[in-house]
Amino acid sequence: MEFETVIGLEVHVELNTDTKIFCGCKTSFGNPPNTHVCPVCTGQPGSLPVLNERAVNMAVKAALALHCQINQDCKFDRKNYFYPDLPKGYQISQYDQPIGEHGYLEIDHNGERKRIGIARLHLEEDAGKSQHAADGSHTLVDYNRTGVPLMEIVSEPDIRTPEEARLYLEGIREIMQYCDVSDCRMEEGSLRCDANISLRPVGQQEFGQKTELKNINSFRFVQRGLEYEEQRQREVLAAGGTVRQETRRFDELSQTTLSMRSKEEAHDYRYFPEPDLVRLHIDDAWLAQIRATVPELPMEKRDRYIRQYQLPAYDAGVLTSDLAIGEYFEATVAAGAEPKAASNWVMGDLLGYLNGRGEVLADSRVTPGQLADLIAMIAEGTLSIKQAKDVFKIMCETGRDAKTVVQEEGMEQISDMAALVPLVDEVLAKNSKSVQDFLSGKEKALGALIGQVMKATKGQANPGVVNQILRDRLSALRVEE
Amino acid sequence: MKEFPTIKQMLTSMAAGETQPSDWTRQSLTNIQKIDGKIGAFLRVNEEQALIHARQLDEMAVRWRKNLVSPSDSTRDLFGIPYALKDNMCTKGVGTTAASRILENYIPPYSATVAEKLTQANGVMVGKTNLDEFAMGSSTENSAFQKTHNPHHLNRVPGGSSGGSAAAVAAGMVPFALGSDTGGSIRQPAAFCGVIGVKPTYGRVSRFGLIAFASSLDQIGPIARTVEDVALVLRQISGHDPLDSTSAPASTEDFTRSLTGEVKELRIGVVRDMNAEGVNDQVKAAIDKAISVLSDAGAQVVEVTLPHSAYAVASYYLVAPAEASSNLARYDGVRYGRRVEGETLLEMYEKTRSEGFGLEVKRRIIIGTYALSSGYYDAYYKRAQQMRTLIRQDFDDAFQKCDVIAMPTAPSPAFAFGEKSADPLQMYLEDIFTIPANLAGLPGISLPCGVSDEGLPIGLQLLGKAFDESTVLRAAYGYEQLRGFVMPFPHGLEG
């Protein structure tokens with residue numbers, strides 16, 4: 001029997017506000033335990049939450065970027081459960097009125113564009129972190145993360161392959177970074193992902209029994225874990241078995257998924273409206289203000305690069321994968337560079353140099369204007385591509401502009417006929433064998449002669465001009481014969 | 001033992017240099033020492049700190065007298081006046097228990113906004129008063145620590161849950177105290193103890209630092225012996241608080257301005273269909289007399305109806321426990337308060353909460369958890385909230401016809417210890433007249449309007465429109481001037 005895979009993702013994204021969602025404590029990561037806490041985020045008796053307006057701005061911005069409808073009048077609810085890292089015994093979240101719903105995200109897969117529905121996006125507070133002693137004797141709790149603003153983004157079950165799931169997750173990260181609402185670092189937990197996966201016979205409408213995959217902490221593992229789980233379920237079903245509804249986790253070591261708990265232990269969270277907060281009303285003016293801050297989205301930008309700059313899809317994809325790269329590329333073009341040349345330099349030499357040093361674009365000492373000048377020098381014939389690459393390396397190291405480097409290092413190309421003709425004649429005089437070979441029809445001999453001229457000029461001669469002079473001289477010799 | 005004069009009289013005396021702040025604080029501490037052994041109003045007396053604070057104010061008083069800026073300067077209104085706080089209001093560095101074992105050794109790292117405001121007004125906090133555990137109760141019998149006795153009759157309860165605050169004021173241990181009112185917890189003990197208690201409009205006074213019982217109903221208010229005094233204190237504690245999202249944007253008002261003594265043209269609503277069967281005859285007679293006193297002075301008496309108030313108690317006992325079940329989840333032994341160790345996390349939770357909470361608190365947590373459970377939410381919590389809307393509409397309609405509504409505060413005068421504590425339902429019905437105002441978020445006051453044959457105070461309750469405390473206070477003050485009797489001071493407490 002042929003099976004179809006159905007996947008839905010639940011993604012948690014930490015917002016990069018300066019302060020927590022319901023108090024004034026800092027949200028910064030990696031501080032000593034329990035140093036960014038106060039009566040509110042540790043749930044002291046009598047303390048009350050006050051909603052951080054910036055968290056609302058960011059959530060709405062993200063929801064708009066995911067094409068969600070905004071619920072301009074919504075509320076917060078309490079999700080009740082006991083756990084030591086949850087200081088109040090409830091999490092303030094949004095239950096039946098999320099801040100955004102009915103959105104979508106597009107992915108490009110195998111040359112086709114696919115729309116993945118977003119069921120809802122809501123705002124909530126993060127919990128603390130528990131650290132269990134290895135011998136099980138005790139647990140320590142760090143409340144620094146408690147109250148960090150969190151968005152939960154729930155997809156529709158529109159994803160059909162593990163690869164699509166990874167592309168969707170990368171799409172979420174890209175959009176969040178474009179909107180500057182989160183750094184989405186999976187390893188720091190600022191982006192977390194749970195996945196629901198089920199299989200059904202092709203053509204069947206109702207969903208099969210699903211399992212939930214938790215604890216996936218890299219983009220690669222999302223795909224790997226789902227691939228394993230897809231295969232596991234397929235084998236269970238093919239053998240006539242039934243898939244058990246359960247929560248499983250991805251085990252990095254064995255690259256498999258392991259059962260964590262069955263769904264029968266499911267909680268009743270006893271949601272009810274949070275009485276300590278008033279309803280959240282986002283009026284039209286406020287919404288318009290946020291809408292104005294939503295940037296051009298990665299997919300739109302990709303399409304524009306292909307259209308406006310005639311770039312290949314691959315180039316457009318790389319250049320728009322990061323907001324800063326796209327900005328750098330466009331600034332280089334704006335400074336006069338030919339788009340494809342600019343794309344090659346940015347994708348190749350610039351990112352290559354930075355990656356090799358573990359640096360990011362913000363660390364680059366070469367400005368887009370300087371890169372555009374360098375590209376112009378190639379177009380003018382002042383530098384060969386090979387020379388330009390050497391010049392660029394020095395630019396990267398020193399931050400000096402191309403002209404200065406070329407002058408100081410004496411690297412400009414020699415294109416002046418008057419300077420080159422005597423050099424060519426000298427080479428012809430010294431290499432009569434090659435001359436004879438050429439005259440007797442061996443075209444290859446020309447290359448050797450050019451090489452000799454280049455060698456004599458330490459590579460600075462303009463090969464095109466040298467070629468031209470050589471041909472002129474050699475055809476003159478042929479006539480003489 | 002010396003009785004306290006009114007706040008105004010104390011201020012005048014200090015301004016004239018006849019007395020100084022430490023005199024009043026010392027008087028309060030002496031009275032507590034003399035009689036609280038019999039009353040049991042205080043869980044903690046802050047003797048040392050109160051005296052240090054009062055002496056600092058003594059020095060300020062010298063400067064203050066020389067430079068009397070404005071008689072209504074808010075830093076002067078409670079200058080040097082001793083007061084007590086119900087022990088569910090957090091005080092930084094001073095133990096705050098909510099009368100629960102689970103918070104027995106809890107010392108808050110911060111102060112409630114009301115405590116901050118009273119400190120800014122230069123009042124002197126002398127101690128923390130007893131209450132029903134987590135303010136759940138109508139007799140203060142649910143305190144995990146001690147009984148509080150009604151100063152007018154030591155075998156009777158002081159009412160609750162702010163029984164300690166009401167008894168402390170009634171017995172002359174402090175000129176005023178703060179209480180909190182979720183279903184009548186300021187007004188009913190005020191009535192039982194023969195003092196005046198105000199439950200302000202929901203949102204009028206910040207709840208920041210008030211240990212939550214039911215967040216959508218809780219409200220802090222003053223208890224004192226004259227209407228003028230409660231008005232002065234209310235002015236100090238009300239106003240918007242950026243730390244409490246549910247506190248109203250309305251700024252505070254000088255409520256003493258409405259104390260004109262004038263009741264002419266005032267329209268007093270009397271509820272026709274309010275459950276009257278359970279009301280004690282002497283209470284009924286006292287309320288009728290109070291209304292006729294007002295009407296004789298020119299107030300207009302109009303009949304109003306509150307058809308849905310019959311469902312108020314039932315709705316309240318779903319909404320309040322539901323919120324409480326969630327509000328009290330934080331007492332888990334992990335971060336503060338009592339912890340009883342266990343083999344597993346679950347066992348630690350269970351032991352801590354079993355030993356830490358009293359019977360009534362557990363009962364309400366169970367009711368509330370049930371009311372919020374999946375499958376029951378719509379039938380219980382949601383319907384109770386819908387009923388709140390109807391009750392609020394009833395009041396809106398009634399206030400089209402009148403300015404204040406008059407009714408008893410409680411169906412009977414103070415009852416005996418143990419009389420109702422065995423039957424929770426009977427105890428819950430104690431709040432039948434006070435609960436509707438909480439459900440609707442309206443302001444109300446209770447003030448003495450008579451004394452029963454046994455010498456027990458009877459309370460008249462006046463309710464007003466949202467944020468119209470001024471009219472409520474005006475009516476109460478008018479009545480206080482007219483009523484022609486003085487609430488007798490409790491006798492025989494000394495020695």
Side-chain angles (χ1 to χ4, degrees), chain A residues 21-24 34 37-53 75-92 95-96 127-128 130 132 136-143 146 266-280, chain B residues 88-90 96-98 100 103 106 108-113 134 203 206-212 214-218 241-247 319 322-323 325-337 345-346 348-349 353 368-377 381-382 385:
Chain A
I21 185 167
F22 296 125
C23 65
N34 298 311
V37 294
C38 75
V40 175
C41 59
T42 55
Q44 298 291 316
S47 62
L48 295 171
V50 176
L51 180 60
N52 181 343
E53 201 179 292
K75 66 174 167 76
F76 287 87
D77 301 276
R78 289 187 185 177
K79 178 181 181 178
N80 294 284
Y81 66 95
F82 284 90
Y83 203 68
D85 65 19
L86 191 71
K88 298 187 294 296
Y90 55 84
Q91 178 193 31
I92 303 178
Y95 180 51
D96 53 350
S130 297
H132 307 287
S137 62
H138 64 277
T139 298
L140 299 172
V141 193
D142 177 8
Y143 294 102
T146 309
H267 273 105
D268 177 359
Y269 290 117
R270 305 190 310 278
Y271 281 100
F272 75 103
E274 167 56 280
D276 286 332
L277 291 170
V278 290
R279 291 191 68 88
L280 171 59
Chain B
N88 60 352
M89 296 169 208
C90 288
T96 302
T97 65
S100 179
L103 287 176
Y106 177 66
Y110 77 107
S111 282
T113 297
F134 284 104
S206 168
R207 293 185 296 116
F208 187 75
L210 170 68
I211 296 182
S215 313
S216 72
L217 301 161
D218 295 342
D241 180 5
L243 299 176
D244 175 1
S245 314
T246 65
S247 84
V319 172
E323 292 181 6
S325 71
S326 174
N327 282 334
L328 270 58
R330 67 188 62 193
Y331 309 109
D332 57 5
V334 173
R335 292 163 308 283
Y336 49 73
L345 176 65
L346 189 65
M348 188 275 275
Y349 282 158
R353 290 167 68 84
T369 303
Y370 187 80
L372 290 175
S373 294
S374 133
Y376 298 96
Y377 179 86
Y381 185 79
K382 201 169 166 193
Q385 288 291 14

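If you're wondering where the values come from, they're calculated on a predicted model, not measured in any experiment. Chain letters run A, B, ... following the sequence lines, proteins first, then strands; residues in each count from 1.
With chain A as the partner, the residue from B:Pro242, B:Ser245, B:Ser326, B:Ala98 showing the most heavy-atom pairs under 4.5 Å is B:Ser326. Interface remark: of the candidates B:Ala112, B:Pro109, B:Ala212, B:Ala322, B:Pro109 forms the most heavy-atom pairs closer than 4.5 Å to chain A. When each of A:Pro87, A:Pro39, A:Pro49 is checked for heavy-atom pairs under 4.5 Å with chain B, A:Pro87 comes out on top.
Side chains of A:Tyr90 and B:Arg330: a donor-acceptor N/O pair is present below 3.5 angstrom, by distance only. A donor and an acceptor atom, one from each side chain of B:Arg335 and A:Asn34, are nowhere located under 3.5 Å apart.
Summarising the geometry, atom OG belonging to A:Ser47 is positioned 5.0 Å from atom OH belonging to B:Tyr110; distances are rounded to the nearest 0.5 Å. Atom CZ of A:Arg78 is separated from atom OG of B:Ser325 by 9.0 Å, given to the nearest 0.5 angstrom. Rounding to the nearest 0.5 Å gives a distance of 8.0 Å between OG1 of B:Thr369 and CG of A:Asn80. For the atom pair OG (B:Ser374) and CZ (A:Arg270), the distance works out to 11.0 Å, reported to the nearest 0.5 Å. Rounding to the nearest 0.5 angstrom, the gap separating the CD atom in A:Glu274 from the OG atom in B:Ser216 is 10.5 Å. For the atom pair CG (B:Leu372) and CG (A:Asp268), the distance works out to 9.0 Å, reported to the nearest 0.5 Å.
For the pair A:Phe272 and B:Glu323, the minimum side-chain heavy-atom distance is below 4.5 Å. In this structure, B:Leu345 and A:Pro84 have side chains that are in contact, with non-hydrogen atoms separated by less than 4.5 Å.
Of the possible donor and acceptor atoms, one in the side chain of B:Tyr336 sits under 3.5 Å from a partner among the backbone N and O of A:Gly43. In this structure a side-chain-to-backbone donor-acceptor pair under 3.5 Å is missing from B:Thr246 to A:Val278.
Counting heavy-atom neighbours within 6.0 Å of B:Tyr377 OH, excluding the residue itself, gives a total above 12. For A:Lys75, the NZ atom counts as densely surrounded, since its 6.0 Å shell holds more than 12 non-hydrogen atoms of other residues, nucleotides or ligands. With a 6.0 Å radius and a threshold of 12 heavy atoms from other residues, nucleotides or ligands, A:Tyr95 has its OH atom at or below the threshold.
At a 4.5 Å heavy-atom cutoff, the contact between B:Tyr106 and chain A is made by side-chain atoms alone. Residue B:Leu346: no heavy atom, backbone or side chain, is found under 4.5 Å from chain A. Heavy-atom distances place the backbone of A:Tyr271, and not its side chain, under 4.5 Å from chain B. For a residue to count as touching a neighbouring chain, one of its non-hydrogen atoms must lie under 4.5 Å from one of that chain's; by this rule B:Tyr349 touches chain A with the side chain only. The contact between B:Asn327 and chain A is made by backbone and side chain atoms together, counting heavy-atom distances below 4.5 Å.
Of all non-hydrogen atoms in A:Leu48 and B:Leu243, the two that sit nearest each other are CB-O, 3.7 Å. The shortest non-hydrogen separation linking B:Ala329 to A:Phe82 is O-CE2, 3.4 Å. Looking at every heavy atom in both residues, B:Cys90 comes nearest to A:Pro45 through SG-O, 3.4 Å.
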